[in-house]
Amino acid sequence: MPAEGPRAAKPNPRWLTIIGIGEDGLAGLGDEAKRRIAEAEFIFGGKRHLALVASFAKGKPRPWPVPFDAGMTDVLALAGRNVCVLASGDPFFHGVGATLARKVKPREMNVISAPSAMSLAAARLGWALQDIETISLHGHPIDLIRPLLQPNARILALTSDGFAPAAIARLLAELDFGASRLTVLEALGGPKETLRSARADDFDLQNINPLNVLAIEIDSATQARVLPLTSGLADHLFEHDGQITKREIRAITLSALAPRRGELLWDVGAGSGSIGIEWMLAHPSLRAIAIEADPARAARIAHNAVACGVPGLVIVEGSAPKVLARLETPDAIFIGGGGSDAGVLNAAIRALRAGGRLVANAVTLEMEALLLAQHTKRGGDLTRIGISRASPVGSMQAWRPAMPVTQWSWVKP
């Protein structure tokens with residue numbers, strides 16, 4: 001959209017002011033924030049924010065478009081003018097400030113923050129922010145909370161609406177965290193601020209304000225579905241038809257894949273999806289694409305991803321190497337099932353970025369022969385993994401060896 005009205009002769013070097021505003025509106029703003037709102041030519045914000053300053057602002061109000069434009073087209077079109085953006089609380093805590101900072105240089109912005117909803121909630125409860133888990137579920141699936149459900153944990157969750165606390169309570173009860181105490185903190189910082197509490201398995205709070213933070217004090221039963229914080233989750237935590245990288249091998253494989261912040265993994269021949277799922281559990285910034293040719297297994301991967309709290313796992317149903325060509329360039333690749341199929345290994349090697357890691361596991365002689373050939377040609381590390389488990393032999397116990405796994409790991413030069 002073109003800029004509105006004639007431009008000033010000399011553009012304003014700090015043309016954009018971002019102001020955090022709370023539920024108390026103008027009453028909670030300092031003199032500097034009020035002055036900048038009064039002087040702004042254009043004021044962007046949600047309808048609620050604009051209403052809070054309507055009696056004071058002189059510039060043209062510009063409500064955010066629906067759907068929201070993450071590209072900030074309307075704001076950027078006014079670069080050099082005196083523009084003010086209103087945001088909830090701290091603009092850089094899951095807020096519009098972070099979105100704008102990807103488009104506007106820091107030297108072009110003035111930022112005046114208010115306390116975030118999380119800060120206000122912690123203050124009301126007497127919780128130390130550094131000792132608790134915080135998560136934004138605003139516009140995101142509530143299943144993202146699953147990895148945080150640890151014994152005795154305290155969690156602050158920013159929700160999407162007034163229905164989310166009840167949905168989260170049901171999820172906790174289903175996972176045997178029903179004794180957990182939930183506190184809904186509504187309209188924090190404003191005249192309608194309210195705190196109400198209930199157990200997860202007896203949650204009956206009604207008419208919850210859409211602007212709420214949910215505080216959770218975890219109380220877990222012995223059988224609660226707790227996702228351990230290390231690699232190598234128990235096999236029973238995944239639905240599978242036998243096509244799964246077993247727990248011990250999976251832990252070794254994740255170690256070889258060496259996930260790093262913000263990276264993308266291809267899990268080729270994903271089976272149950274366990275490798276891609278555990279890759280994503282290592283850090284919230286990690287992404288994975290599970291490639292699986294079997295429709296039933298692909299559906300099972302989707303179920304496992306939700307059950308393990310990583311609903312963002314991307315599932316591509318199709319056969320490698322055909323489907324690999326249209327995927328985003330990966331930082332790491334794991335090849336489990338189907339690695340011996342024609343062209344799969346070479347296609348993965350070509351697709352991998354320079355400096356990326358490839359790990360391939362073999363249990364068949366055919367796949368092992370391919371890995372031996374690649375090791376001879378390209379180097380890398382070749383490892384033989386043998387696992388034995390105790391099992392009954394008559395009235396006694398004996399070691400029963402699992403099929404050995406040959407693992408080739410390689411970094412692309």
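Since this is a predicted model, take the numbers as computed values, not measurements.
Annotation: Asp204, atom CG; neighbour count of heavy atoms from other residues, nucleotides and ligands within 6.0 Å is above 12. More than 12 heavy atoms of other residues, nucleotides or ligands sit less than 6.0 Å from atom CZ of Arg14. No more than 12 heavy atoms of other residues, nucleotides or ligands shown are found within 6.0 angstrom of CZ on Arg261. Counting heavy atoms of neighbouring residues, nucleotides and ligands inside a 6.0 Å radius, atom CD of Gln206 does not exceed 12 of them.
Inter-residue side-chain proximity for Arg48 and Leu211 is flagged as met; some heavy-atom pair is nearer than 4.5 Å. Side chains of Trp410 and Ile349 form a contact here, defined as non-hydrogen atoms less than 4.5 Å apart. Here the side chains of Trp279 and Leu313 are not in contact, with every heavy-atom distance at 4.5 Å or above. The shortest side-chain heavy-atom distance between Leu358 and Lys412 does not fall under the 4.5 Å cut-off. Considering only heavy atoms from C-beta on, Ile252 stays 4.5 Å or farther from Val405 through its side chain. Considering only heavy atoms from C-beta on, Leu237 comes within 4.5 Å of Arg225 through its side chain. Arg146 is listed as a side-chain neighbour of Leu171, based on a closest heavy-atom distance under 4.5 Å. Inter-residue side-chain proximity for Trp15 and Val104 is flagged as met; some heavy-atom pair is nearer than 4.5 Å.
Ser340 and Glu366 form no side-chain donor-acceptor contact under 3.5 Å, judged by distance and modelled atom types alone. Under 3.5 Å, the side chains of Thr245 and Asn361 contain no donor-acceptor pair of N or O atoms. In this structure, a donor-acceptor pair under 3.5 Å is present between the side chains of His283 and Ser285.
For Thr183 (side chain) and Ser197 (main-chain N/O), no donor-acceptor pair under 3.5 Å exists by modelled atom type. Within the 3.5 Å criterion, the main-chain N or O of Asp161 finds a donor-acceptor partner in the side chain of Asn212. In this structure, Ser388 contributes its side chain and Gly386 its backbone to no donor-acceptor pair below 3.5 Å. Gln243 places no side-chain N or O within 3.5 Å of a backbone atom of His240 that could act as its donor or acceptor partner. Listed for the Asp294 side chain is a donor-acceptor partner under 3.5 Å among the backbone atoms of Arg297. Side-chain atoms of Thr159 never come within 3.5 Å of backbone atoms of Val213 as a donor-acceptor pair (strictly under, hydrogens ignored). Ser272 places no side-chain N or O within 3.5 Å of a backbone atom of Asp241 that could act as its donor or acceptor partner.
For Asp131 and Arg154, the salt-bridge test fails: no basic side-chain N is under 4.0 Å from an acidic carboxylate O. Looking at Asp331 and Arg353, a side-chain N of the basic residue comes within less than 4.0 Å of a carboxylate O on the acidic one, giving a salt bridge. Electrostatic pairing of Arg124 and Glu193 counts as a salt bridge here, judged by a charged N lying under 4.0 Å from a carboxylate O. Taking a cutoff of 4.0 Å between a charged side-chain nitrogen and a carboxylate oxygen, Glu32 and Arg36 qualify as a salt bridge. Salt bridge Arg250/Asp235: present, at least one basic N to carboxylate O contact under 4.0 Å.
Here the OG atom belonging to Ser88 is positioned 8.5 Å from the NE2 atom belonging to His138, to the nearest 0.5 angstrom. Atom CG of Leu265 is separated from atom CD1 of Ile275 by 8.0 Å, given to the nearest 0.5 angstrom. Note that CD of Glu278 and CG of Leu227 are 9.0 Å apart. Values are rounded to the nearest 0.5 Å. Once rounded to the nearest 0.5 Å, the distance linking OG1 of Thr376 with CG of Leu371 reads 10.5 Å. To the nearest 0.5 Å, atom CG of residue Asp202 and atom CZ of residue Arg181 are 12.0 Å apart. Taken to the nearest 0.5 Å, the CG atom of Asn152 stands 10.5 Å off from the CD atom of Glu217.
A pairwise comparison of heavy atoms in Ala200 and Ala173 identifies O-CB, 4.5 Å as the closest pair. When all heavy atoms are compared, the tightest approach of Gly380 to Trp408 is CA-NE1, 4.1 Å. Nearest heavy atom pair, residue Gly20 against residue Leu29, reads O-CD2, 3.6 Å. Nearest heavy atom pair, residue Ala288 against residue Gly276, reads CB-O, 3.8 Å. When every heavy atom of Ala305 is checked against every heavy atom of Ile277, the shortest pair comes out as N-CD1, 3.6 Å. The nearest pair of heavy atoms linking Thr329 to Leu264 is O-CD2, 3.7 Å.
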For this session: Please report the C-alpha distance between Ser274 and Asn304 in whole Å, then the side-chain angles of each, then the deciding distance to 0.1 Å, and finally whether the side chain to side chain contact (heavy atoms under 4.5 Å, CB included) criterion is met.
Result: CA-CA 8 Å; Ser274 62; Asn304 285 335; over 6 Å; no

For this session: Could you check Leu26 against Val53 for side chain to side chain contact (heavy atoms under 4.5 Å, CB included), going step by step and ending with a plain yes or no?
Result: CA-CA 6 Å; Leu26 289 172; Val53 303; 4.0 Å; yes

Problem set entry | side chain to side chain contact (heavy atoms under 4.5 Å, CB included) evaluation trace for Val75 with Phe42 | CA-CA 9 Å; Val75 175; Phe42 305 94; over 6 Å; no

For this session: Just do the salt bridge (charged side-chain N to carboxylate O under 4.0 Å, His left out) check on Lys103 and Glu108 with the steps written out, would you?
Result: CA-CA 11 Å; Lys103 307 288 183 179; Glu108 298 179 49; over 6 Å; no

For this session: Determine, step by step, whether Leu182 and Leu205 satisfy the side chain to side chain contact (heavy atoms under 4.5 Å, CB included) criterion, reporting the C-alpha distance in whole Å, the side-chain angles of both residues, the deciding distance to 0.1 Å, and the verdict.
Result: CA-CA 10 Å; Leu182 275 58; Leu205 304 184; over 6 Å; no

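Aromatic ring pairs are classed by plane angle as parallel below 30°, tilted from 30° to 60° and perpendicular above 60°; the pair Trp64 and Phe68 is perpendicular.
With Leu120 as the partner, the side chain to side chain contact (heavy atoms under 4.5 Å, CB included) test is satisfied by one option alone out of Leu188, Leu125, Leu185: Leu188.
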